[in-house]
Amino acid sequence: MKIKDLYLQNSLSKSKEKFEPISEGYIGMYVCGPTVYSDVHLGNVRTFTSFDVIYRTLLFLGYKVRYVRNITDVGHLLDDGEDRISRGARLDQLEPMEVVQKYTNSFHKMMDIFNTKKPSIEPRATQHILEQIEMVQQILDNGYGYVVDGSVYFDTLKFQEDKKIYGDLSGRKIEDLFSETRDDLKKQDQKRHPSDFAIWMKADPEHLMKWNSPWSEGFPGWHLECSVMSTKYLGETFDIHGGGNDLKFPHHENEIAQNVGACNCKPCNYWLHTNMLLMNGKKMSKSDGNTISPDELFTGDSPHVSKGYSPMAVKFFMLQSHYSSTLDLTDDALAASEKGYKRLMESLKTLEGLNHKSSGNDLDNEVNSSLDEFIAHMCDDFNTPRAIASLFEVVTKINSFKEGHLDLSQISAETFNRLKEDYPKYIDDVLGLKNENDGGNNDALNGIMELVLDLRQEARANKDWGTADKIRDGLAKSKIVVKDGKDGSNWQFS
RNA sequence: GGUCGCGUGGCCGAGCGGUUAGGCAGAGGUCUGCAAAACCUUGUACACCAGUUCGAAUCUGGUCGCGACCUCCA
């Protein structure tokens, strides 16, 4: 299809801009992935789900997209200076790489559960140590780094003096960045300025993960991997860089400094930041315990929810807010979204059963404009809540056709075919929502249900209400809801 | 403390200068053996106070409240 105009809210310029790819028809997108030292939590899921919908939208629009999302498996330090992965390894008595593998696997599994597409490339920091060493050298060669006792620091003052861009993304002024914390374990005292940051760190003897470098046996700074891997796989300047907005500072700010410091060019044209998932009005965060794991949410095994919510219901809940807004997770909101999600999915099944009759076109405009608006809203900075609102206009139409409140002869064959073809695509391909309440893939169950509903229909025809209700109530106990319509009955899981 | 953002009807959540967001819940109705589902109708909403404007939830200033970042976090 023809690529439509796309507008993005660029965090760097803080304004909505028309998207212009570097190469016509192609997009390079880099998203900061997880640090795999424990199970993913819902906040991660929201971010990666948001970027999944962005990725899907770009693909739908016809772009060839190279989507790179890294796995951070080294260099991400805790307050006390211990590497997150090493800490995980020590606690679980595993090799660091076992920790990495274990949580990478569970991360992938969760991403599958949320029906997200896999990135084109998923590079790991430890697989790019050589490239990181090279970039440290480039930064040194360009005069933006200095070595202290085997560690290499980025010289933010010098960088700012030359380039005058440090702080542009995060809105920070370098002179305000005086860190009052002691932080001696992070070797603050070696820095010339508090805003300087390590790009290579000399490892303590007991450190588990370390590599040889021209400066010391050590490991790369956390921010470096993204600069290096985005450059390697997408080029020195690519189209879109994304991540959670808690990464804006210092991570993304430093990434920009490193890229510019190394190659004198900006890493990307558009920065996209997703907002935080809240619970009880506070940021959901692993480190302060205000959190619910995806599994707890699915099973309902948490004081924060009254019952379990399915992955797709949770995903739908997330998509009902804009990626750049905070989203407050509450039991009531989840319950409301769950119903809306089911109604949307049911419309898909209903549409399948619809057959076009003779042609009129009274309703063509309404149907087509709802479908058009879906895409228009997605192209307006991926406005999923508005796009979904357009979808619900279509839901009402579909249900009305089925119930006979509207007549299918009021739309042309052309519009009807578009509806049949595009509407499911918008839900499946673009939003990545799948129907998990559908017994449709289970032939045996479908056969049984057909028989059961048939028997009930006979009972009803004989006005044998006792039998009819017995069947209905019995099925209800198995979480199957029977719905009587004009043209017979159908069913769905409750 | 510094920087940024937010405050929308019962709940969630879009919109951001004039026109119905949407979902859920509630009320009334249609349909139905009953129920459910579905459809139709239905909501004094935009923290507060000033100001700009023919017109403000939407712009400006102030007040109050909340949150995020500044330190590991998507």
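Note: hydrogens, waters and symmetry copies are ignored here, and every other heavy atom, side chains too, is used. Proteins come first, then strands; the chains are lettered A, B, ... in the order of their sequence lines, and each starts at number 1.
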Kindly determine whether A:Y309 and A:D331 satisfy side-chain hydrogen bond (donor to acceptor under 3.5 Å, both in side chains), including the steps that lead there. CA-CA 9 Å; A:Y309 295 97; A:D331 197 42; 2.8 Å; yes
Suppose you measure atom P in B:C69 against the same atom in B:A74; what distance do you get, rounded to whole Å? 12 Å
Taking the same atom, P, in B:C16 and in B:G28, what whole-Å distance lies between them? 36 Å
Touch class at under 4.0 angstrom, heavy-atom based, for A:G281 against every strand present: sugar-phosphate
A:L319 CG to B:C24 P, straight-line distance once rounded to whole Å: 16 Å
Nucleotide nearest A:T274 (side chain, heavy atoms from C-beta), chosen from B:C70, B:A74, B:U32: B:A74
By side-chain hydrogen bond (donor to acceptor under 3.5 Å, both in side chains), A:S369 pairs with (sequence neighbours left out) none
Between B:C6 (P) and A:L278 (CG): distance, integer Å: 14 Å
Quickly work out the A:L431 CG to B:G23 P distance and round it to whole Å. 15 Å
Is there a donor N/O on one and an acceptor N/O on the other, under 3.5 Å, for the side chain of A:H41 and the base of B:A74? yes
Nucleotide paired to B:A27 in any strand shown, Watson-Crick or G-U, under 3.5 Å: B:U41
Only counting residues at least two apart or in another chain, list the ones meeting ring pair (Phe, Tyr, Trp, His ring centres under 6.0 Å) with A:Y7. none
Write down the distance separating the P atoms in B:A38 and B:C48, rounded off to the nearest Å. 36 Å
Give none if B:G55 has no partner; otherwise give the nucleotide forming a Watson-Crick or G-U wobble pair with it, both distances under 3.5 Å. none
Distance criterion of 3.5 Å, no angle test: do you see the side chain of A:R472 paired donor-to-acceptor with the base of B:C34? yes
Interatomic distance at C1', B:C70 relative to B:C11, whole Å: 34 Å
For atom CG of A:N70 and atom P of B:A74, their distance in whole Å: 10 Å
Separation of the P atoms in B:G62 and B:G2, to the nearest angstrom: 14 Å
By side-chain hydrogen bond (donor to acceptor under 3.5 Å, both in side chains) - contacts of A:E458 (at least two apart): none
Quick one: A:N254 CG to B:C69 C1', roughly how many Å, whole number? 14 Å
Please measure how far the C1' atom in B:G9 lies from the corresponding atom in B:C59, and state the result in whole Å. 24 Å
Pair assignment for B:A50, Watson-Crick or G-U wobble, requiring both distances under 3.5 Å: B:U60
Member of A:Q258, A:H252, A:H251 meeting the side chain to side chain contact (heavy atoms under 4.5 Å, CB included) criterion with A:C226: A:H251
Which residues pass the salt bridge (Lys or Arg N to Asp or Glu O under 4.0 Å) test with A:E122, sequence neighbours left out? A:R69
Please determine whether a side-chain nitrogen of the Lys or Arg among A:R56 and A:D52 lies less than 4.0 Å from a carboxylate oxygen of the Asp or Glu. yes
Base paired to B:C69 (Watson-Crick or G-U; both N/O distances under 3.5 angstrom): B:G2
Do A:I71 and A:F107 touch side chain to side chain, with heavy atoms closer than 4.5 Å? yes
Select base, sugar-phosphate, or nothing to describe what A:G43 touches, counting heavy atoms under 4.0 Å on all strands. base
Using the test salt bridge (Lys or Arg N to Asp or Glu O under 4.0 Å), find all partners of A:D39 that sit at least two apart in sequence or belong to another chain. none
Tell which nucleotide pairs with B:A35, taking only Watson-Crick or G-U wobble pairs whose two distances are both under 3.5 angstrom. none
Which residue lies more 5' along RNA chain B, comparing A:G466 with A:K397 via nearest heavy atoms: A:G466
For atom NZ of A:K315 and atom C1' of B:G23, their distance in whole Å: 18 Å
Who pairs with B:A14 - Watson-Crick or G-U, where each distance is under 3.5 Å: none
Under the side-chain hydrogen bond (donor to acceptor under 3.5 Å, both in side chains) test, residues paired with A:T274 that sit two or more places apart: A:T47
How close or far is atom C1' of B:A74 from atom CG of A:D52, stated in whole angstroms? 15 Å
Between A:K342 and A:E436, does any NZ, NE, NH1 or NH2 come within less than 4.0 Å of an OD or OE carboxylate oxygen? no
Stacking here means centres under 5.5 Å and planes under 30°; does A:F392 stack on B:G23? no
Heteroatom pairs (N/O) under 3.5 angstrom, protein to nucleotides 36-38 of chain B:
unit_1 : atom_1 : unit_2 : atom_2 : d
B:A36  : N1     : A:D484 : N      : 3.4
B:A36  : N1     : A:D484 : O      : 2.8
B:A38  : O3'    : A:N399 : ND2    : 3.0

Residues that A:D328 engages under side-chain hydrogen bond (donor to acceptor under 3.5 Å, both in side chains), provided they are two or more places apart: none
Would you classify A:K282 as touching base, sugar-phosphate or nothing, given that sugar-phosphate means primed atoms plus P, OP1 and OP2, and contacts are heavy atoms under 4.0 Å? sugar-phosphate
Could you tell me the separation between the CG atom of A:N245 and the P atom of B:C6, rounded to a whole number of Å? 12 Å
P gap between B:A50 and B:A56, integer Å: 14 Å
Of all residues at least two apart in sequence or in a different chain, which pass the side-chain contact (heavy atoms from CB on, under 4.5 Å) check with A:E450? none
Report all side-chain donor-acceptor pairs from residues 377-392 of chain A shorter than 3.5 Å, counting only partners two or more places apart or in another chain.
unit_1 : atom_1 : unit_2 : atom_2 : d
A:H377 : ND1    : A:E373 : O      : 3.1
A:H377 : ND1    : A:R386 : O      : 3.4
A:H377 : ND1    : A:S390 : OG     : 3.4
A:D380 : OD1    : A:K16  : NZ     : 2.7
A:D381 : OD1    : A:Q9   : N      : 3.1
A:D381 : OD1    : A:Y323 : OH     : 2.7
A:D381 : OD2    : A:H322 : NE2    : 3.3
A:D381 : OD2    : A:Y323 : OH     : 3.4
A:N383 : OD1    : A:R386 : N      : 3.2
A:T384 : OG1    : A:L319 : O      : 2.7
A:T384 : OG1    : A:S321 : O      : 3.4
A:S390 : OG     : A:R386 : O      : 3.3

Can you tell which of B:G33, B:A74, B:C69 lies closest to the side chain of A:W465? B:G33
For nucleotides 7-10 of chain B, which of its nitrogen or oxygen atoms have a protein nitrogen or oxygen under 3.5 Å away, and what is each distance?
none

Toward the 5' end of RNA chain B, by each residue's nearest nucleotide, A:A335 or A:R456: A:A335
What integer number of Å spans the P atoms of B:G15 and B:A47? 15 Å
Show me the protein contacts with nucleotides 11-18 of chain B, counting only N or O atoms at under 3.5 Å.
unit_1 : atom_1 : unit_2 : atom_2 : d
B:G13  : OP1    : A:D328 : N      : 3.1
B:G13  : O2'    : A:Q320 : O      : 3.2
B:A14  : OP1    : A:H322 : N      : 2.8
B:A14  : OP1    : A:S325 : OG     : 3.0
B:G15  : OP1    : A:N383 : ND2    : 3.3

